[in-house]
Amino acid sequence: MSIAAAAVATGRQAEVYLFWWALERFLQDRLDEPDFSPPREDVTDRFEKRGMPTLRALREHLRESGLCTVHGCTGSLAALGGEAIADRQTIDGWVGWTAILQRTAGVVDRFYL
């Protein structure tokens with residue numbers, strides 16, 4: 001989300017694809033608190049003291065820019081058992097790996113984290 005926020009801040013288009021644990025946080029609406037694993041109080045404290053944006057704040061910035069879309073992976077959605085709540089999320093669309101690879105073919109600055 002931070003990389004996408006930097007991209008839209010410079011006027012670039014960005015696409016974010018959520019998988020596994022990132023998708024799970026969106027499905028559970030856990031976007032307001034840092035979640036470092038294993039728990040790291042020192043990092044959490046620095047995160048909060050520096051006023052680092054939450055995932056919710058980053059998502060709002062991306063939405064307001066009009067330059068970014070956020071998609072969830074259908075395979076991860078199924079594995080997490082989130083189909084019943086998928087339509088209530090702040091996710092722009094649902095795609096599988098084939099679509100992701102087609103949509104990002106030739107993109108030179110694509111990141112998988």
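For reference, positions follow the sequence shown, starting with 1.
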*Can you check whether Y17 reaches T69 side chain to side chain, under 4.5 Å on heavy atoms?*
no
*Taking all atoms of both residues into account, what is the closest heavy-atom pair of C73 and F19, and its distance?*
CB-CD2, 3.4 Å
*Closest non-hydrogen atom pair between R59 and F26, with its separation*: CD-CE2, 4.2 Å
*asked:* Measuring only between side-chain heavy atoms, which start at C-beta, is L18 closer than 4.5 Å to V16?
replied: yes
*L67 CG to E15 CD distance, which is reported to the nearest 0.5 Å*: 12.0 Å
_Student check: side-chain heavy atoms of R46 and M52 closer than 4.5 Å_ = no
*asked:* Between S65 (side chain only) and L62 (backbone N and O only), is there a donor and an acceptor less than 3.5 Å apart?
replied: yes
*Do side-chain atoms of T54 reach the backbone of A57 as a donor and acceptor pair under 3.5 angstrom?*
yes
*Quick one: are E33 and E48 in side-chain contact, heavy atoms under 4.5 Å?*
yes
*Any donor-acceptor pair under 3.5 Å from D92 side chain to V70 backbone*: yes
*Minimum heavy-atom distance between V8 and C68, given as atom pair plus value*: CG1-CB, 3.9 Å
*asked:* More than 12 heavy atoms of other residues, nucleotides or ligands under 6.0 Å from CZ of R30: yes or no?
replied: yes
*Determine, step by step, whether D45 and R40 satisfy the salt bridge (Lys or Arg N to Asp or Glu O under 4.0 Å) criterion, reporting the C-alpha distance in whole Å, the side-chain angles of both residues, the deciding distance to 0.1 Å, and the verdict.*
CA-CA 9 Å; D45 288 344; R40 296 275 314 270; over 6 Å; no
*Nearest non-hydrogen partners of G72 and L23, listed with the distance*: CA-CD1, 4.3 Å
*Going by heavy atoms in the side chains, are V95 and T74 under 4.5 Å from each other?*
no
_Could you walk me through whether L27 and L77 satisfy the side-chain contact (heavy atoms from CB on, under 4.5 Å) test, starting with their C-alpha distance in whole Å, then the side-chain angles of each, then the deciding distance to 0.1 Å, before giving a yes or no?_
CA-CA 9 Å; L27 292 172; L77 178 68; 4.0 Å; yes
*Search all heavy atoms of M1 against all heavy atoms of L55 and return the closest pair with its distance.*
CG-CD2, 3.8 Å
